[in-house]
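Throughout, numbering of the chain's residues begins at 1 and tracks the sequence.
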Amino acid sequence: MTIRVLLADDQALLRGTFRMLFDATDDMETVAEASNGREAVELAGSQRPDVVLMDIRMPEMDGLEATRLITESEGLVDVKVLILTTFEDDEHVADALRAGASGFLGKGARPEELLDAVRTVADGEALLSPSATRALITRFLAQPDPCPAAVHERLESLTPRERDVTSLVALGLSNDEIAERLFVSPLTAKTHVNRAMTKLAARDRAQLVVIAYQCGLVSPATEPDHSQQPA
């Protein structure tokens with residue numbers, strides 16, 4: 001399957017570079033280019049890309065607002081947003097994830113890292129670079145957001161294993177790593193993750209991370225013990 005990518009960046013030279021990279025990759029194609037956030041929202045609606053590669057700082061409408069409008073649109077539920085920016089600080093990371101972004105990658109990433117990131121996000125997984133992950137943790141510890149009442153109620157529907165899995169997702173573990181930690185198969189781990197996302201109405205794993213920190217399921221200082229019995 002070919003991954004359809006929308007490029008949103010105010011620098012034409014950078015968009016051209018990305019277009020050449022994606023169009024030279026067998027499983028990707030560039031479907032449109034936007035020079036500002038407003039164009040990105042309009043083109044996301046008309047082109048229905050699989051992934052929007054979104055810069056944060058753009059004229060007319062910034063990438064965070066454009067991301068929010070895309071992810072909140074009922075008609076664009078399958079469109080994923082990958083933030084690519086030079087501003088990989090804690091505030092931007094947290095704001096991007098709150099806006100509904102599925103991933104966050106610095107512009108210093110290597111071409112192969114960017115391609116892998118697009119594939120990861122297109123597949124419904126969350127993608128955070130190591131520095132972005134650290135920034136997110138710092139942000140939520142320093143100024144945690146309250147857990148929304150609706151989400152807090154949904155937490156009660158999680159099984160103990162689903163709560164464990166949600167915590168491990170928030171700590172940055174992959175399905176394979178979760179499976180090893182909990183003594184289950186990767187498929188079982190993925191099933192638990194998907195059920196948790198469904199119950200919490202999380203768009204993807206990135207939103208699951210936000211919920212876990214907002215609602216106090218996990219903090220980097222207190223990782224729960226999952227080393228006991230298999231499921």
Same apolar cluster: Met20 and Val31, side chain cutoff 4.5 Å: no

Gap separating the OG1 atom of Thr2 from the CG atom of Asp26, nearest 0.5 angstrom: 9.0 Å

Side-chain (Arg15) to main-chain (Asp9) donor-acceptor, under 3.5 angstrom: yes

Side chains of Arg57 and Asp62 in contact at under 4.5 Å (non-hydrogen atoms): no

Cluster link Leu14 to Leu105, ILVMFWY, side chain under 4.5 Å: yes

No-hydrogen, no-angle side-chain donor-acceptor test under 3.5 Å, Ser35 and Asp10: no

Residue pair Glu162, Thr159: steps toward the side chain to side chain contact (heavy atoms under 4.5 Å, CB included) verdict: CA-CA 5 Å; Glu162 288 164 356; Thr159 66; 3.2 Å; yes

Rounded distance [0.5 Å steps], CZ in Phe183 versus CD1 in Ile178: 14.0 Å

CA sep, side-chain torsions, deciding dist, call: Val184, Arg161, side chain to side chain contact (heavy atoms under 4.5 Å, CB included): CA-CA 11 Å; Val184 298; Arg161 182 45 51 95; 4.0 Å; yes

Test item: Glu39 and Glu60 side chains (from C-beta on) under 4.5 Å apart, heavy atoms: no

Under 3.5 Å donor-acceptor, Thr71 side chain and Arg68 backbone: yes

Closest approach of Ala66 to Gly37 (non-hydrogen atoms, all atoms of both residues): CB-O, 3.6 Å

N/O donor-acceptor pair under 3.5 Å between Arg48 side chain and Gly75 backbone: yes

Asp176 CG to Arg181 CZ distance, which is reported to the nearest 0.5 Å: 13.5 Å

Asp23/Thr30 under side chain to side chain donor-acceptor pair (under 3.5 Å): CA gap, chis, key distance, verdict: CA-CA 6 Å; Asp23 292 351; Thr30 304; 3.2 Å; yes

Asp50/Lys80 salt bridge by N-O under 4.0 Å criterion: no

SG-OH distance between Cys147 and Tyr213, expressed to the nearest 0.5 angstrom: 15.0 Å

Side chain to side chain contact (heavy atoms under 4.5 Å, CB included) between Cys215 and Leu155, intermediate numbers included: CA-CA 9 Å; Cys215 300; Leu155 286 173; 3.5 Å; yes

Lys199 side chain vs Ser157 backbone, donor-acceptor pair below 3.5 Å: yes

Point-to-point distance, once rounded to the nearest 0.5 Å, from OG of Ser185 to CD of Glu180: 13.0 Å

Side-chain touch Met54/Ile70, heavy atoms, less than 4.5 angstrom: yes

Shortest non-hydrogen contact from Ala34 toward Ala40: CB-N, 3.5 Å

pair Leu53-Phe22: side-chain heavy atoms closer than 4.5 Å: yes

Minimum side-chain heavy-atom gap Asp116-Glu113 below 4.5 Å: no

Heavy-atom closest contact (Val209 atom, Val169 atom, distance): CG2-O, 3.9 Å

Distance-minimising heavy-atom pair for Leu217 and Ser167: O-OG, 3.3 Å

NZ/Lys190: more than 12 non-hydrogen atoms of other groups inside 6.0 Å: no

4.5 Å side-chain heavy-atom contact, Val51 and Leu6: no

Reported CG-to-CD distance for the pair Leu43 and Glu33, which is rounded to 0.5 angstrom: 10.0 Å

Closest non-hydrogen atom pair between Leu84 and Gly106, with its separation: CD1-O, 3.4 Å

Residue pair Arg205 / Asn175, side-chain donor-acceptor N/O under 3.5 Å: yes

Backbone N/O of Ile83 and side chain of Asp55: donor-acceptor pair under 3.5 Å: no

Expected output: side-chain Thr25 to main-chain Met28 donor-acceptor under 3.5 Å: no

Min side-chain heavy-atom separation Leu21-Leu114 under 4.5 Å: yes

Nearest non-hydrogen partners of Val52 and Ala8, listed with the distance: CG1-CB, 4.4 Å

Worked check of side chain to side chain contact (heavy atoms under 4.5 Å, CB included) between Thr166 and Ile211: CA-CA 9 Å; Thr166 299; Ile211 291 172; 5.8 Å; no

Non-hydrogen side-chain atoms of Leu208 and Leu200 separated by less than 4.5 Å: yes

Donor-acceptor side-chain pairing of Thr191 and Thr188 below 3.5 angstrom: no

